[in-house]
**Q** 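Below are the structure tokens for one structure; questions will follow.
The analysis underlying the following values was restricted to heavy atoms, covering all of them including side chains, and did not include hydrogens, waters or symmetry mates. Note that the coordinates shown come from a computational prediction; the quantities given were computed from them, not determined experimentally.
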Amino acid sequence: MKKKILIAVLIIFVLLSGVVGLDFVNFRNACIDSIKADITASEDCYYTDEDIEKAILTVKEIYKNKEWPVLLMNIEFDEEESRKKLEGYYLAETTEKENIIVLFCDYIVLKDFAAYSSGFYSGWSAILTRDSKDSEWVFADGGYA
């Protein structure tokens with residue numbers, strides 16, 4: 001169902017862009033700004049709600065500032081899935097647990113570029129790290145559905 005809605009949004013954009021002259025960057029940024037991330041965290045989570053929200057904002061800014069043909073549609077944080085994704089991940093061996101986080105993103109690649117083929121990607125990882133609880137999150141790695 002979610003995939004159908006995302007495709008419908010994309011089709012509407014394409015139709016409107018020709019009629020009223022919308023540009024992709026403004027449309028993309030408006031979509032990203034409207035994302036309300038889904039957060040699933042327990043009371044004893046490694047991260048505060050503020051930590052998670054800052055990580056989400058970091059991912060949003062990455063997608064807004066890159067000149068990728070990509071439309072970010074959703075961001076989720078799931079504590080259990082994040083921990084599973086980090087099992088055996090090389091940075092998790094040297095980084096304190098509260099300083100590495102995985103967010104899960106859904107996006108549409110509008111045309112082939114780099115290692116990406118055009119299409120819908122669901123649940124792809126955005127791995128972020130920080131030096132300490134007082135540091136900003138930094139994008140470390142991504143992909144790995």
**Q** Between Asp51 and Arg130, is there a salt bridge with N-O shorter than 4.0 Å?
**A**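 Looking at Asp51 together with Arg130, the answer is yes, because their closest N to O distance falls below 4.0 Å.
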**Q** Determine whether Leu91 and Val102 fall in the same hydrophobic cluster, where Ile, Leu, Val, Met, Phe, Trp and Tyr are linked whenever their side-chain heavy atoms lie under 4.5 Å apart.
**A** yes
**Q** Atom CD1 in Ile52, atom CD in Glu50: separation rounded to 0.5 Å?
**A** 11.0 Å
**Q** Students often mix this up, so state it plainly: with edges at 30° and 60°, are the rings of Tyr107 and Tyr121 parallel, tilted or perpendicular?
**A**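 Because their plane-to-plane angle is under 30°, the rings of Tyr107 and Tyr121 count as parallel.
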**Q** Closest heavy-atom contact between Glu76 and Asn74?
**A** OE2-ND2, 3.0 Å
**Q** Working to the nearest 0.5 Å, report the span between CD1 of Ile56 and CG of Leu128.
**A**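 Rounded to the nearest 0.5 Å, the CD1-CG separation comes out at 10.0 Å.
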**Q** Quick one: which of Trp137, Phe104, Tyr47 gives a ring pair (Phe, Tyr, Trp, His ring centres under 6.0 Å) with Phe77?
**A** Tyr47
**Q** Keeping Asp106 on the side-chain end and Met73 on the backbone end, is there a donor-acceptor pair under 3.5 Å?
**A** no
**Q** Nearest heavy-atom pair of Glu53 and Ile39: which atoms, and what distance?
**A** CG-CD1, 4.4 Å
**Q** Measure from the side-chain N and O atoms of Ser34 to the backbone N and O of Cys31, and report whether any donor-acceptor pair falls under 3.5 Å.
**A** yes
**Q** Between atom CD1 of Ile32 and atom CG of Asn65, what is the distance when rounded to the nearest 0.5 Å?
**A**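 Ile32 CD1 to Asn65 CG: 9.0 Å, rounded to 0.5 Å.
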**Q** More than 12 heavy atoms of other residues, nucleotides or ligands under 6.0 Å from CG of Asp131: yes or no?
**A**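 Atom CG in Asp131 is not crowded, with 12 or fewer foreign heavy atoms closer than 6.0 Å.
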**Q** Between Lys60 and Ile35, is there a donor-acceptor pair closer than 3.5 Å when you use the side chain of the first and the backbone of the second?
**A**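 Yes: the side chain of Lys60 pairs with the backbone of Ile35.
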**Q** Under a 3.5 Å cutoff, is there a donor and acceptor pairing between the side chains of Ser117 and Asp112?
**A** no
**Q** Could you measure the distance from the CZ atom of Phe120 to the CD1 atom of Ile108? Nearest 0.5 Å is fine.
**A**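 Rounded to the nearest 0.5 Å, the CZ-CD1 separation comes out at 6.5 Å.
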**Q** Verify the neighbour count for atom CD of Glu98: are there more than 12 heavy atoms of other residues, nucleotides or ligands below 6.0 Å?
**A**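 It does: Glu98 CD has more than 12 such atoms within range.
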**Q** Output yes when a side-chain donor or acceptor of Ser82 lies under 3.5 Å from a complementary backbone atom of Asp78, and no otherwise.
**A**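 Looks like no, no N/O pair under 3.5 Å.
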**Q** Nearest 0.5 Å, what's the CG-CZ distance between Leu103 and Phe139?
**A** 10.0 Å
**Q** If you measure from the Lys or Arg side-chain nitrogens to the Asp or Glu carboxylate oxygens, is any gap between Arg83 and Glu87 under 4.0 Å?
**A**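 No, this pair does not count.
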**Q** Can you find a pair of side-chain heavy atoms, one from Asn99 and one from Thr129, that are under 4.5 Å apart?
**A**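 A side-chain contact under 4.5 Å is absent here.
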**Q** Please give me the minimum heavy-atom distance between Cys105 and Ile75, naming the atom from each residue.
**A** SG-CG1, 4.4 Å
**Q** Take atom NZ of Lys64 as the centre, draw a 6.0 Å sphere, and report whether it contains more than 12 heavy atoms from other residues, nucleotides or ligands.
**A**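 Yes, because the 6.0 Å sphere around NZ of Lys64 holds more than 12 heavy atoms from other groups.
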**Q** Would you please say whether a donor-acceptor pair under 3.5 Å links the side chains of Ser132 and Asp134?
**A** no
**Q** Between NZ of Lys85 and CG of Asp141, what distance do you get to the nearest 0.5 Å?
**A** 11.0 Å
**Q** Report the C-alpha separation of Ile101 and Ile127 in whole Å, then their side-chain angles, then the decisive distance to 0.1 Å, and conclude whether the side chain to side chain contact (heavy atoms under 4.5 Å, CB included) test is met.
**A** CA-CA 6 Å; Ile101 190 171; Ile127 302 169; over 6 Å; no
**Q** Is it the case that more than 12 heavy atoms not belonging to Glu93 sit under 6.0 Å from its CD atom?
**A** yes
